[in-house]
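Single-structure report; data block below.
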There are 2 protein chains.
Amino acid sequence: MTGNTPDGPTAPPLDAGPRRSSPATLEDVARAAGVSLATASRSLNGSSRTVNADYRSKVLDAAARLNYSPNLSAQAVARGSTMTVALVVADITDPYFSSIAAGVVAEADQGRLIVTMAATERDSERELEIVRTLRGQRPKVIILAGSRREGDPSQAALKSELEDYERAGGRVVLISRNELGFRTVQIDNASGASALAASLVELGYRRFSVLTGNRELKTAADRLDGFTAELERAGIRVEADRVVQSAFTRDGGYEGMQTLIAAGLQPNEAVFAVNDVMAVGALSALRDAGLTPGADVAVAGFDDIPTVQDVWPTLTTVTVPLVEVGRTALRLALEDADAAAVSAGSPVATSVVVRDSTPRRA
Amino acid sequence: MTGNTPDGPTAPPLDAGPRRSSPATLEDVARAAGVSLATASRSLNGSSRTVNADYRSKVLDAAARLNYSPNLSAQAVARGSTMTVALVVADITDPYFSSIAAGVVAEADQGRLIVTMAATERDSERELEIVRTLRGQRPKVIILAGSRREGDPSQAALKSELEDYERAGGRVVLISRNELGFRTVQIDNASGASALAASLVELGYRRFSVLTGNRELKTAADRLDGFTAELERAGIRVEADRVVQSAFTRDGGYEGMQTLIAAGLQPNEAVFAVNDVMAVGALSALRDAGLTPGADVAVAGFDDIPTVQDVWPTLTTVTVPLVEVGRTALRLALEDADAAAVSAGSPVATSVVVRDSTPRRA
DNA sequence: CTGTTAGCGCCTTCAG
DNA sequence: CTGAAGGCGCTAACAG
């Protein structure tokens with residue numbers, strides 16, 4: 001039980017090395033360069049003011065020699081603003097969110113911004129709490145991915161929290177649906193779902209079910225509505241008992257499909273899962289029930305996450321440029337009000353991709 | 001071209017609201033509570049010192065009333081240290097990394113830590129650059145997921161950069177393989193691959209190929225070595241031309257399998273892809289070539305990312321508790337040297353899961 | 001226990 | 001163009 005290391009030859013020297021050499025400060029650099037603090041600051045960090053080229057290079061030298069790196073916290077305090085963008089998602093392992101995150105991160109480092117990340121685990125109270133603690137960071141931007149819930153009591157609190165934040169100069173961007181009155185990267189869920197419905201009808205399907213996830217999620221509701229609206233236009237009604245609610249996750253899709261199967265599948269039926277992870281779960285449920293997805297029952301999803309091209313059958317879905325959505329969100333946040341008013345107007349383009357999970361019916 | 005908003009009734013009021021009400025400062029709180037700055041600080045933020053209960057509650061009241069939120073940057077400057085943990089991954093959309101990230105994030109908010117994220121895009125020069133700019137944040141912890149490259153020239157620079165960082169009081173944790181002499185969450189890639197090989201042999205396979213990704217990646221190399229070593233123990237040699245290199249990604253797996261197919265598949269062959277995303281790509285390549293994975297050729301992967309249970313056939317693989325690895329990484333970083341020496345010693349447990357992609361051979 | 005007072009590292013007027 | 005000085009929000013000795 002003593003502190004000796006119990007492992008092999010590659011054990012790291014956890015406690016080696018000299019003690020605490022703190023990073024060089026601007027003052028160190030200034031002194032080393034023989035100039036004042038102000039001059040050092042001006043030549044190192046982007047000041048609009050010009051500095052004698054001589055001094056300037058002396059400072060740059062000294063900085064390099066001392067391996068100087070400006071303390072961002074100190075800069076933030078002095079400047080009164082940070083270079084941080086805070087991203088809050090429901091679940092990082094969900095490809096929907098990780099794709100968006102990738103976009104945000106990619107765009108961020110083109111602007112020397114730092115992105116911090118938090119996960120709500122799909123709990124809107126946690127989301128509120130997260131946004132509250134986020135304030136401490138004084139981020140320049142807050143991006144909220146993942147959709148709001150219908151009639152959620154914490155929504156009002158969230159909204160006012162975000163409004164306070166904007167009033168203090170911050171910028172919030174929502175992804176998916178413009179519900180709270182902030183800038184948002186709109187995804188036209190309803191019309192995407194409508195287009196999908198139209199495609200399925202064209203392929204010869206006449207009987208439909210939908211795995212609608214949590215119907216209180218506005219995204220889910222919009223997709224369901226768009227889908228059924230188009231079907232009605234085509235004279236097709238989807239029975240109330242063929243719309244099943246479950247979690248907005250892979251397992252939710254799996255379970256939803258199980259209840260559909262238990263209720264009895266219809267001949268030539270197509271089931272629309274309101275997102276791809278659910279659809280993928282649904283495929284597995286079919287298989288585990290001894291059915292062949294595609295042949296026995298068609299399945300379609302929404303989002304076009306990367307994995308749907310590797311499941312079998314490959315999944316028919318509605319493409320959403322998720323990574324681009326992430327980039328756009330950050331860009332939108334950084335624009336000034338006028339430009340943002342314009343760009344926030346048009347939803348990102350979606351399109352349906354027909355793959356093997358919805359073969360044409362004779 | 002004017003600034004009017006070109007969209008529907010739900011257009012957000014992008015420029016509404018009163019101007020710039022900055023957040024309350026500690027001083028505001030102190031004044032409102034009628035106490036000194038110091039007292040306010042002591043009762044609000046975790047000081048070891050005690051404060052008169054009366055004053056204390058006055059301060060708490062005032063803080064609540066003013067909706068006070070401590071400025072973390074200012075705290076960082078004053079305290080000389082941040083609450084930030086920086087996570088650098090290769091690619092956020094890769095389930096391997098997003099699972100780890102989820103673990104880090106989950107663990108972080110149990111400790112009121114903030115996690116920032118950056119992506120190297122699998123470019124080790126970018127990784128070095130990222131670590132360098134990370135210094136500005138003065139993070140308490142840097143976690144590097146994604147493995148080093150054999151003989152990479154920037155490795156030395158990275159190492160010394162990280163050493164400087166530790167010398168300044170920071171803590172670095174590596175994931176996967178202990179190569180640079182820092183704390184690391186070890187994943188026993190070699191023995192996991194050996195166990196997998198043993199299982200496959202037991203299932204009746206005698207001919208093998210491996211999709212080895214980028215062989216310069218130590219993780220890939222270790223898995224390859226462990227796999228072939230076990231086979232040799234069983235008296236089986238894998239021909240040099242049956243080990244194909246390609247990218248360490250889904251597409252790499254796809255392409256690798258294509259070249260394997262082109263070179264001619266062997267009867268009852270099993271191909272080991274050194275990670276799951278590659279294996280999944282390989283499955284698709286087989287299918288696109290008109291073959292049936294599992295029946296025509298067995299496939300196995302490594303990592304046990306979530307999606308491998310939803311592909312068909314479900315994938316035989318080596319389970320790595322990725323989310324837990326993320327949590328462990330952060331925990332390890334926060335431990336003191338003695339404790340860390342102990343925990344860093346033992347690799348996380350892996351185990352092989354046999355699924356449908358490697359049916360038993362007669 | 002409380003308040004005063006230096007800083008922390010950096011930026012930014014403001015005089016020279 | 002340069003340097004001195006004040007300030008950003010907060011913490012931590014240091015006296016009372």
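Note that these values count all heavy atoms, side chains included, but never hydrogens, waters or copies made by symmetry. Chain naming here is simple, since letters A, B, ... match the order of the sequence lines and numbering starts at 1 in each.
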Check: Quick one: A:R31 CZ to D:dG3 C1', roughly how many Å, whole number?
Finding: 15 Å

Notebook entry, point to check: Picking from C:dC11, D:dG3, C:dG3, which would you name as closest to the side chain of A:L26?
Noted result: C:dC11

Next item on the list: Using only side-chain N and O atoms of B:S41, determine if any of them is under 4.0 Å from OP1 or OP2 of D:dT11.
Entry: yes

Item checked: side chain to side chain donor-acceptor pair (under 3.5 Å) contacts in which one or both residues fall within residues 130-140 of chain B, not counting sequence neighbours -> A:N67-B:R135, B:T116-B:Q137, B:R132-B:E161

Check: Within this structure, what is the CG-to-P distance between B:L44 and D:dC10, rounded to whole angstrom?
Finding: 9 Å

Notebook entry, point to check: Considering only heavy atoms and no angle criterion, is a donor-acceptor pair shorter than 3.5 Å present between the side chain of A:R79 and the base of C:dG9?
Noted result: no

Note to self: Of the listed nucleotides (D:dG3, C:dC11, D:dG9), which one gets closest to any side-chain atom of B:N71?
What the structure shows: D:dG9

Check: Is A:R331 salt-bridged to A:E335, going by a charged N under 4.0 Å from an acidic O?
Finding: no

Checklist line | d(CG, A:D28; C1', C:dG9) in whole Å | finding: 10 Å

Next item on the list: Please tell me which of B:S36 and B:V77 maps to the more 5' nucleotide of DNA chain C, matching each residue to the nucleotide holding its nearest heavy atom.
Entry: B:S36

Item checked: Any residue meeting salt bridge (Lys or Arg N to Asp or Glu O under 4.0 Å) with B:R327, in chain and number order, not counting sequence neighbours -> B:E107

Item checked: Contact residues, residues 60-70 of chain B to DNA chain D [heavy atom, < 4.0 Å] -> B:Y68, B:P70

Notebook entry, point to check: Between A:Q75 (CD) and D:dC8 (P), how many Å, whole number?
Noted result: 18 Å

Note to self: Output the rounded distance in Å from CE (B:M83) to C1' (D:dT11).
What the structure shows: 15 Å

Donor-acceptor contacts, no H, no angles, side chain residues 124-131 of chain B, under 3.5 Å, sequence neighbours left out:
from   : atom 1 : to     : atom 2 : distance (Å)
B:S124 : OG     : B:D152 : OD2    : 2.5
B:S124 : OG     : B:S154 : OG     : 3.4
B:R126 : NH2    : A:D109 : OD2    : 2.7
B:E127 : OE1    : B:R148 : NH1    : 3.0
B:E127 : OE2    : B:R148 : NH1    : 3.0
B:E127 : OE2    : B:R148 : NH2    : 3.0

Notebook entry, point to check: Under the side chain to side chain contact (heavy atoms under 4.5 Å, CB included) test, which residues partner B:V173, sequence neighbours left out?
Noted result: B:I143, B:R183, B:V185, B:A329, B:L332, B:A333

Margin query: Please enumerate all residues that pass side chain to side chain contact (heavy atoms under 4.5 Å, CB included) together with B:Y165, with sequence neighbours excluded.
Written below: B:P139, B:I142, B:V172

Check: Ignoring hydrogens and angles, are the base of D:dG9 and the side chain of A:R138 linked by a donor-acceptor pair under 3.5 Å?
Finding: no

Margin query: Side chain of B:Y55, heavy atoms from C-beta onward: which of C:dG7, C:dG9, C:dG3 has the nearest atom to it?
Written below: C:dG3

Note to self: I need the CG-P distance between B:N45 and D:dA12, as an integer number of Å.
What the structure shows: 9 Å

Next item on the list: Whole angstrom is fine here: how far is it from CG in A:L37 over to P in C:dT13?
Entry: 16 Å

Next item on the list: I would like to know whether A:T184 and A:S176 meet side chain to side chain contact (heavy atoms under 4.5 Å, CB included); could you show each step before the answer?
Entry: CA-CA 7 Å; A:T184 116; A:S176 179; over 6 Å; no

Check: Which of the following nucleotides, C:dT2, D:dC10, D:dT2, is nearest to the side chain of B:A74?
Finding: D:dC10

Margin query: Looking at B:T39, I'd like to know whether one of its side-chain N or O atoms comes within less than 4.0 Å of OP1 or OP2 on C:dG3.
Written below: yes

Next item on the list: Please report, rounded to the nearest Å, how far the C1' atom of D:dC10 is from the CD atom of B:E27.
Entry: 11 Å

Item checked: Closest listed nucleotide, where the reference is the side chain of A:A38 and the choices are C:dT4, D:dG3, C:dC11 -> D:dG3

Notebook entry, point to check: Any idea which heavy atoms bring A:S99 and B:T93 closest together, and the distance?
Noted result: CA-CG2, 3.8 Å

